[in-house]
Structure formats: structure tokens, C-alpha cells
Colleague: 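Have a look at this one.
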Amino acid sequence: MDLSLNETDCSLQERARAFCDQILLPLELEVEQEGGLPEAHWAPIRDQVVAWGFAGINHSVENSGCGFSILQQVLINEQLGRATSGLWDVVFLPPVSLKFATDAQKQEYLVPSCRGERRGCFAISEPGAGSDPRQVRTKAMKAGGDYILSGEKWFVTSFSAADYVIVHAHADDDPDRPTLFLVDKQSPGLHHQRSPHFMHTFIYDHAEIRLEGVRVPESKRLGEEGQGFELTKDWFVEARLQIGARCLGAATRALELATDYATEREQFGQPIIQFQGVSFPIADMAVEIMAAKSMLYRIAWQLDHTDDRKRAHAHASAVKLHCSEVAGRVVDRALQILGGRGYMRENPVERLYRDLRVDRIWEGTSEIQREIISGQIRKRGVALYTGW
Ligand SMILES: Cc1cc2nc3c(=O)[nH]c(=O)nc-3n(C[C@H](O)[C@H](O)[C@H](O)COP(=O)(O)OP(=O)(O)OC[C@H]3O[C@@H](n4cnc5c(N)ncnc54)[C@H](O)[C@@H]3O)c2cc1C
């Protein structure tokens, strides 16, 4: 059983770490002070992503992506996750569901997205539809060769930086026909309502938008009518695994900062790491990260070697649940070790503490992951998780 990373993977990991250290970390305080990434940085940083070879890391070479394996994407995202305030999101991840696009749609959306010339965002959630997307009220009514979309979408991440939205709507208002549509942002009837503030500072926004009779030609439907969930499921597998990776990158940075501080900081005549009250939490943090990382890498490797999408979905939920909860515990302990300094906004651990909270909520809450996992156990037995 050889679990070592090969030379290519190690150099990719190092490149991602260098990109994070040299390009992302120097922007952290400005983003925090400005409440987001000032627009003057948007184009130059996109060019940096391309120059460093991280454009379209989640797509195949034939679609102008990098052709990286899932494990390689995990290695990159883990390093990016060390950056605060969502700076990792400068590395644009063109929607996975575009893999299922027609050739014409790929040329219009996927290929330019992989090159950094276009950017998409994803709109499923609504005021009445969060964990339960069957409650979606956005409808797509057939009108000749077109669809007319009406509804309201919330929490649309990076809407400000995007130029198209993938909208999840019910064809003919039928919840059994969830369907995805590619909607250009300048389409008449697509309105930006507001972009509320959230607990974390985020480089772009999380917008609320309204669709009022937005006309979309059939050629902009992604997949078939009723395929919405199926295509979104593939997105979730990727997103959940990459959340796991970013969480562990963030947790590792928090642990490193806490350990450095505990080694230097003296109270009662000695470095505080000499006190078990400080060193034991550090030991627990290291062990929890180690265990979660073993799981993350194993599942990523497994996904590169399987076509079993159901199994992939089941395991991605476990990774997302565990890594986000481990990271939450780690950053809480790290902040405690840093004392008052850990509570200052200029301290990365304070920002990581706020940043990591959403990882137990978005892309399916921890409770929904447990629902998926327990449902899978009921159907397929515990060995799906406990077997090797
Ligand atoms: C910062 C941010 C960015 C986001 N970005 C996007 C985006 O880009 N696109 C998008 O479409 N959405 C996005 N979301 C929405 C996100 O996916 C939802 O917030 C999430 O799915 C939960 O839905 P909800 O907030 O409506 O909570 P609800 O579904 O109302 O849940 C409230 C509570 O009830 C619990 N609960 C619900 N059902 C069950 C159940 N069956 N069993 C046990 N507990 C349950 C939940 O776990 C939660 O604790 C974003 C959210 C945030 C906060």
C-alpha cells in the first residue's frame, strides 16, 4: 500500500502553497479592511491565476481546463484554504455541471470560463428553499421555443464577479422536473436586489436576485428537463470534497499559528506550551487534522478510480461533514491559545474562526450530510463507510 504523493503532485502542492503565500496572503488585511476585494484587483489577480497555471483546475484539457485529478485538486484547494476571507475564490472553478453541456454551450460558457474570460455562479437557494430544494418556487414556463423564468434566488455566491448564472428552476412549475438554465447576467428581467453582509468577510458577494419573466432560449437549458438534481449532485461531490480540503488547509494554518505563539509566548516564567492546558489541545488538533486528512486524501484518490457516482456522493458527504467539523474545533482551540490576540480582526485566526463557520452550513448543512450518510447506511449497510 503506497500512500506517498508522487513528484508531480508534490510540486503542484508546493506551487499552490507559493501562490497562496505570494499572491493571496498579502491581500488579506486589505480585504478585511475594505469588506471585500477591491475591484481594482479583480483583473490582475485573474491574470495571476492564469499565469500560475490554476485556470480551470476542475475541468479537462479538452475543455481548456488543467486536466488535474481529483486528488490534485484537493492538494491545491488545501493550500488555497489557508487564505482568509474567501481569497481562495479567486481561483475560479467553472461549474462542474457544464461538463454535461452541449458542444455549443461548452464553447460559449465552459471554455471561456476555464480561461478566466467568463465566470459563472450557481443559484438554487430561495427564501423558502434551503435544505429542501423541492420547495423551489422559481419556475420555467415553456413559451414557443423559449422558457420564461420567474422567481427569487438568495445567497448567490460571487454574483458580483460573474457574468452568467446557472439557475435551478422547475420546468412548467413541476417539482418533479427540476432543470438548470444558463442565464446571462445582462438578460432583461434579471435584477440584483441586494448583497447582504455575512459573518465572514468575503472577497465577492452573496447576492439576492429576482427573475421577472426572463426569456431563455431552449438552447440555454443545461441537460434535459428534470435532470437538475442529477447534474447538481455531481457539483456537490466536487464542492463537498473541495470544502473538506480548504477546511483542512485553514485548520492547519490555525494550528501552526497557535503552536508558534505558544512556543514564543511566556507567562508565569515559561513558554505557555509548557502547560498541559495549552500543549494537549495542540496535540488534539494535530491528531484530528491528521485523521481527517487521511480520509480526505483516500476518498479523493478513490474518486479518481471509480465510476460509482452514488458511492462518490455518499463519501463526499462524509468528508464534508468530518473536515468542516474538525476545522471548527481546531480553530476554536487555536483562538483560545492566542488569547486576546486571537480575538483581533487583524489576526488570521480570528478571520479563520469566522470563515470556517459557514462550511457547516453551505453546500448542505452538517445535519443534511448526516441525513445522507444515515440514508446510505440504511440502503447499503455500514460497510460503505467502515469497509476498506
Ligand atoms: C455564505 C453563504 C453562501 C451561499 N452560497 C450559495 C450559492 O452560491 N448558491 C446557492 O444556491 N445557495 C447558497 N447558499 C445557501 C446554502 O446552501 C443554504 O444556506 C443551506 O443549504 C441551508 O439552507 P437554509 O439556510 O435555508 O437553512 P434551512 O434549510 O432552513 O435549515 C435551517 C436548519 O434546519 C436544519 N434542517 C433542515 N432540514 C433538516 C432535516 N431534514 N434534518 C435535520 N435538520 C434539518 C438545517 O441543518 C439547519 O440547521 C449559501 C449560504 C451561505 C450562508
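We're numbering straight along the sequence, starting at 1. All ligand and atom numbering here is 1-based and tracks the order in the structure.
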Colleague: Between H168 and F181, is the ring centre distance below 6.0 Å?
Modeller: no

Colleague: Can you check ring pair (Phe, Tyr, Trp, His ring centres under 6.0 Å) on H206 and F159, steps first, answer last?
Modeller: CA-CA 7 Å; H206 306 292; F159 179 78; over 10 Å; no

Colleague: For atom 20 (C) of ligand 1, what is the nearest protein heavy atom, given as residue, atom name and distance?
Modeller: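 Closest protein heavy atom to atom 20 (C) of ligand 1: I361 O, 3.6 Å.
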
Colleague: Can you measure from CD (E371) to OG (S317) and round to the nearest 0.5 angstrom?
Modeller: 11.0 Å

Colleague: Answer with side chain, backbone, both or neither: which part of I124 has a heavy atom less than 4.0 angstrom from an atom of ligand 1?
Modeller: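 Both parts.
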
Colleague: As a test of the contact definition, would atom 6 (C) of ligand 1 count as having a protein heavy-atom neighbour under 4.0 Å?
Modeller: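 Neighbour list for atom 6 (C) of ligand 1 includes protein heavy atoms (cut-off 4.0 Å).
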
Colleague: Any non-hydrogen protein atom below 4.0 Å of atom 3 (C) of ligand 1?
Modeller: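 It does; a protein heavy atom is within 4.0 Å.
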
Colleague: Among all protein non-hydrogen atoms, which one is nearest to atom 15 (C) of ligand 1, and what is the separation to 0.1 Å?
Modeller: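 Nearest neighbour among protein heavy atoms for atom 15 (C) of ligand 1, to 0.1 Å: S125 OG, 3.1 Å.
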
Colleague: From atom 30 (O) of ligand 1, is the closest protein heavy-atom distance below 4.0 Å?
Modeller: no

Colleague: Would the number of heavy atoms belonging to other residues, nucleotides or ligands and lying under 6.0 Å from CG of D132 be above 12?
Modeller: yes

Colleague: How about atom 17 (O) of ligand 1: does it have a protein heavy atom within less than 4.0 Å?
Modeller: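 Yes, there is a protein heavy atom closer to it than 4.0 Å.
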
Colleague: Is F155 touching ligand 1 with its side chain, its backbone, both, or neither, if touching means heavy atoms under 4.0 Å apart?
Modeller: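 Both backbone and side chain of F155 come within 4.0 Å of ligand 1.
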
Colleague: Taking only Lys NZ, Arg NE, NH1 and NH2, and the carboxylate oxygens of Asp or Glu, determine whether E363 and K320 approach each other closer than 4.0 Å.
Modeller: no

Colleague: Mind checking whether E363 contacts ligand 1 via backbone (N, CA, C, O), side chain (CB onward), both or neither, at a 4.0 Å heavy-atom cut-off?
Modeller: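 Looking at E363 and ligand 1, just backbone atoms fall under 4.0 Å.
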
Colleague: How does T365 reach ligand 1, if at all, at less than 4.0 Å between non-hydrogen atoms: by side chain, backbone, both, or neither?
Modeller: side chain

Colleague: Just to confirm my output: which protein heavy-atom neighbour is closest to atom 36 (N) of ligand 1, and how far is it?
Modeller: S131 OG, 4.4 Å

Colleague: Is atom 46 (C) of ligand 1 near the protein, in the sense that some protein heavy atom lies at less than 4.0 Å from it?
Modeller: yes

Colleague: Hey, could you give me each pair passing side chain to side chain donor-acceptor pair (under 3.5 Å) that has a residue in residues 87-101? Not counting sequence neighbours.
Modeller: D89-R119, D89-S158

Colleague: Identify, by atom number and element, the atoms of ligand 1 in contact range of F122, meaning under 4.0 Å from any of its heavy atoms.
Modeller: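 Every atom of ligand 1 under 4.0 Å from some heavy atom of F122: 7 (C), 8 (O), 9 (N), 10 (C), 11 (O).
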
Colleague: In the protein, what heavy atom is nearest to atom 41 (N) of ligand 1, and what distance, to one decimal place, separates them?
Modeller: I368 CD1, 4.1 Å

Colleague: Would you compute the distance between atom CH2 of W362 and atom CZ of R240 and round it to the nearest 0.5 angstrom?
Modeller: 13.5 Å

Colleague: Testing Y109, Y164, Y147 one by one against K220 for a side-chain hydrogen bond (donor to acceptor under 3.5 Å, both in side chains), which residue passes?
Modeller: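 The single option meeting the side-chain hydrogen bond (donor to acceptor under 3.5 Å, both in side chains) with K220 is Y109.
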
Colleague: What protein heavy atom is closest to atom 26 (O) of ligand 1, reported as residue, atom name and distance in Å?
Modeller: G130 CA, 3.2 Å

Colleague: Among all protein heavy atoms, pick out the one at the shortest distance from atom 53 (C) of ligand 1; state its residue, atom name and that distance to 0.1 Å.
Modeller: V358 CG2, 3.7 Å

Colleague: Nearest heavy-atom pair of F92 and G56: which atoms, and what distance?
Modeller: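 Minimum heavy-atom contact is CE1-N, 3.8 Å.
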
Colleague: Which ligand 1 atoms does E367 reach within 4.0 Å, using its non-hydrogen atoms?
Modeller: 43 (C), 44 (N), 46 (C), 47 (O), 49 (O)

Colleague: Of all residues at least two apart in sequence or in a different chain, which pass the side chain to side chain contact (heavy atoms under 4.5 Å, CB included) check with R357?
Modeller: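 Residues passing side chain to side chain contact (heavy atoms under 4.5 Å, CB included) with R357: M199, R360, I361.
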
Colleague: Considering only protein heavy atoms, which is closest to atom 8 (O) of ligand 1, and at what distance to one decimal place?
Modeller: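 The closest heavy atom on the protein side is T157 N, 3.0 Å.
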
Colleague: Using the ring of Y261 (Phe, Tyr or Trp, six-membered ring only), decide whether R265 places NZ or CZ under 6.0 Å from its centre and within 45 degrees of its axis.
Modeller: no

